[in-house]
Amino acid sequence: NYAASRSWVQVLSLHGIRPWKKIPAWTVLLRQLRAALGCQPWRNANTYIQWHGICGTFAGQSLLP
């Protein structure tokens with residue numbers, strides 16, 4: 001889910017569709033930690049997968065041109 005979410009951000013950007021803004025790379029870890037508090041990925045496999053997708057989206061946003 002991480003890689004799919006990261007590449008999805010990049011694919012949409014290549015096609016001129018950008019619902020997300022570029023974010024600074026140094027904020028990715030902070031955003032992932034904040035998302036972990038909201039998603040609580042330690043609860044079960046579903047929340048862990050959901051959190052990993054969110055983390056991938058943040059990584060993709062940091063790679064936008």
Side-chain angles (χ1 to χ4, degrees):
N1 199 12
Y2 178 90
S5 295
R6 187 182 73 193
S7 63
W8 182 244
V9 172
Q10 294 170 333
V11 166
L12 289 179
S13 179
L14 287 173
H15 290 284
I17 304 167
R18 192 183 280 192
W20 304 279
K21 295 180 182 178
K22 179 174 175 55
I23 61 172
W26 65 269
T27 66
V28 172
L29 181 61
L30 297 173
R31 292 169 189 262
Q32 291 174 345
L33 291 172
R34 183 175 173 203
L37 293 175
C39 292
Q40 299 177 354
W42 55 85
R43 286 189 346 200
N44 58 45
N46 291 338
T47 58
Y48 179 77
I49 292 169
Q50 179 186 18
W51 175 70
H52 246 263
I54 293 168
C55 291
T57 302
F58 291 144
Q61 285 177 273
S62 71
L63 298 172
L64 289 173

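No hydrogens, no waters, no symmetry mates; every other heavy atom, side chains included, goes into these values.
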Taking K22 for the side chain and Q61 for the main chain, is one N or O donor matched with an acceptor at less than 3.5 Å?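 Checked: no pair found.
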Any donor-acceptor N/O pair, S5 side chain to G56 backbone, under 3.5 Å: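 The answer is no, because no donor-acceptor pair under 3.5 Å joins these two groups.
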What is the distance from atom [atom1] of [X] to atom [atom2] of [Y], rounded to the nearest 0.5 Å?
X   : Y   : atom1 : atom2 : result
T27 : Q32 : OG1   : CD    : 9.5 Å
L63 : I23 : CG    : CD1   : 9.0 Å
N1  : T57 : CG    : OG1   : 8.0 Å
L30 : R34 : CG    : CZ    : 10.5 Å

Any pair with a residue in residues 19-51 that passes ring pair (Phe, Tyr, Trp, His ring centres under 6.0 Å), sequence neighbours left out, goes on the list, sorted by first then second residue, please.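 Sorted pair list: Y48-H52.
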Please report the shortest heavy-atom distance between [X] and [Y], naming the atom on each side.
X   : Y   : answer
N44 : N46 : OD1-N, 3.1 Å
P41 : A36 : CD-O, 3.2 Å
I54 : C39 : CD1-SG, 3.5 Å

Please report, to 0.1 Å, the donor-acceptor pairs under 3.5 Å made by any side chain of residues 10-18, with sequence neighbours excluded.
{"residue": "S13", "atom": "OG", "partner": "R18", "partner atom": "NH2", "Å": "3.1"}

